[in-house]
Amino acid sequence: FIVMVIVSTFAFNYQVALPLLVEERWHSRESWFGILLAVVSAGSFAGSLYVAGRTHVTERLYYGLTFVLAASATALAFVPNVWWALVVSIPMGVGGAGFLAVGNALSQLRTPGEMRSRMLALVAVAFLGSTPIGGPVTGLIGDVVRLAHEGIDRTHGTTSISIKQPKRPVEIPGLSAGELTAELITLIQRGAYQFRNGILAGCGCSGDDRGQGLEPGVSLRKKRFLGI
């Protein structure tokens, strides 16, 4: 019963996991979701016929089919495209249907007659009642993995660009460091001369472009104000 609860909660959520895989993993059309479900159903039919054709079932067969279901479901998450997904979906269907059929048979054969109806109810709860829990958990895990994958892709892209295009110091062709400093000083001096001449013009005074002198009518107070 415990194995039935665990497997039913996390392994039978095709309606949640397959759309995410088709869209995010394989980047295919939505129609592939229906195609994959059809292939899984074909595998389930084959698995049911296989179990029905056996004269007796054992725990070894039960755990073997559980392993087939787990291995194929895990492989489905890592296949590169939908064509490989079609191949993996067949054993996943076989393992899923065989797991349910053998588990139901063992629970009925090893349960006293007066308790079989109660066991059937528990198996139904384990299989169907786990969907409201396993579905949201599967969707949450898919969203977290998708966001983490997108973050890794952005980080990897930024790192690749940084490696391919390293930062270099800005260089001005034709000018050395000393010449650039001299040009900056010259520009500052020219700005200071223009600012000084603007003040002289506002005071009604006059001076040459270099601020070398003033007309005789300028008072000593204006000279001190202008710093001349």
Side-chain angles (χ1 to χ4, degrees), residues 1-51 61-104 123-167:
F1 176 77
I2 296 176
V3 176
M4 178 72 72
V5 171
I6 296 175
V7 175
S8 299
T9 301
F10 297 103
F12 290 102
N13 295 309
Y14 305 142
Q15 68 274 13
V16 178
L18 283 181
L20 289 175
L21 290 173
V22 170
E23 181 181 358
E24 302 293 337
R25 172 68 176 172
W26 304 316
H27 306 287
S28 301
R29 300 189 307 271
E30 294 83 358
S31 59
W32 278 101
F33 171 58
I35 296 173
L36 289 174
L37 277 182
V39 175
V40 172
S41 301
S44 299
F45 182 71
S48 301
L49 291 179
Y50 170 74
V51 175
L61 177 62
Y62 179 68
Y63 292 122
L65 291 172
T66 304
F67 176 77
V68 171
L69 173 62
S72 57
T74 304
L76 184 67
F78 294 97
V79 294
N81 51 56
V82 291
W83 301 107
W84 280 105
L86 292 176
V87 176
V88 177
S89 296
I90 297 176
M92 186 171 66
V94 172
F99 164 79
L100 292 175
V102 174
N104 189 23
V123 171
V125 170
F127 178 64
L128 300 176
S130 62
T131 301
I133 300 174
V137 171
T138 304
L140 178 62
I141 294 174
D143 290 338
V144 171
V145 172
R146 177 176 59 184
L147 292 175
H149 188 266
E150 291 176 355
I152 293 173
D153 287 342
R154 286 196 295 268
T155 303
H156 182 267
T158 304
T159 306
S160 300
I161 293 174
S162 301
I163 294 175
K164 293 179 181 179
Q165 299 179 358
K167 295 182 178 180

Counting distance only, does the side-chain N/O of Ser28 pair as donor-acceptor with the main-chain N or O of Trp26 below 3.5 Å?
yes
Is the closest side-chain heavy-atom distance between Met4 and Leu100 below 4.5 Å?
yes
Does a side-chain heavy-atom distance below 4.5 Å link Tyr63 with Val68?
no
Search all heavy atoms of Val94 against all heavy atoms of Ala46 and return the closest pair with its distance.
CG2-CB, 4.4 Å
Classify the ring geometry between Trp32 and Trp83 as parallel (under 30°), tilted (30 to 60°) or perpendicular (over 60°).
perpendicular
Nearest 0.5 Å, what's the CZ-CD1 distance between Phe10 and Ile133?
8.5 Å
Are the side chains of Val137 and Thr9 in contact, using a 4.5 Å heavy-atom criterion?
no
Rounded distance [0.5 Å steps], CZ in Phe99 versus CG in Leu69
7.5 Å
With the side chain counted from C-beta on, respond yes when Tyr62 and Val3 share a heavy-atom pair under 4.5 Å apart, and no when they do not.
yes
To the closest 0.5 Å, what do you measure between NE2 (His27) and CG (Asn81)?
11.5 Å
If you take all heavy atoms of Gly98 and Val51, which pair is closest and at what distance?
CA-CG2, 3.8 Å
Kindly indicate whether the side chain of Leu76, heavy atoms from C-beta on, has any atom under 4.5 Å from the side chain of Ser89.
yes
Quick check: closest heavy atoms across Pro19 and Phe33, and the distance to 0.1 Å?
CD-CE1, 3.5 Å
Nearest-0.5 Å distance that lies between atom CG in Leu20 and atom CG in Asn13:
11.0 Å
What distance separates Leu18 CG from Ile35 CD1, expressed to the nearest 0.5 Å?
12.0 Å
Using a 4.5 Å cut-off on heavy atoms from C-beta on, say whether the side chain of Val82 contacts that of Leu86.
no
Would you check if the side chain of Ser8 reaches a backbone N or O of Val5 as a donor-acceptor pair within less than 3.5 Å?
no
Closest approach of Thr74 to Ala70 (non-hydrogen atoms, all atoms of both residues)
OG1-O, 2.8 Å
Does Arg25 use its side chain to pair, donor to acceptor, with the backbone of Phe78 at less than 3.5 Å?
yes
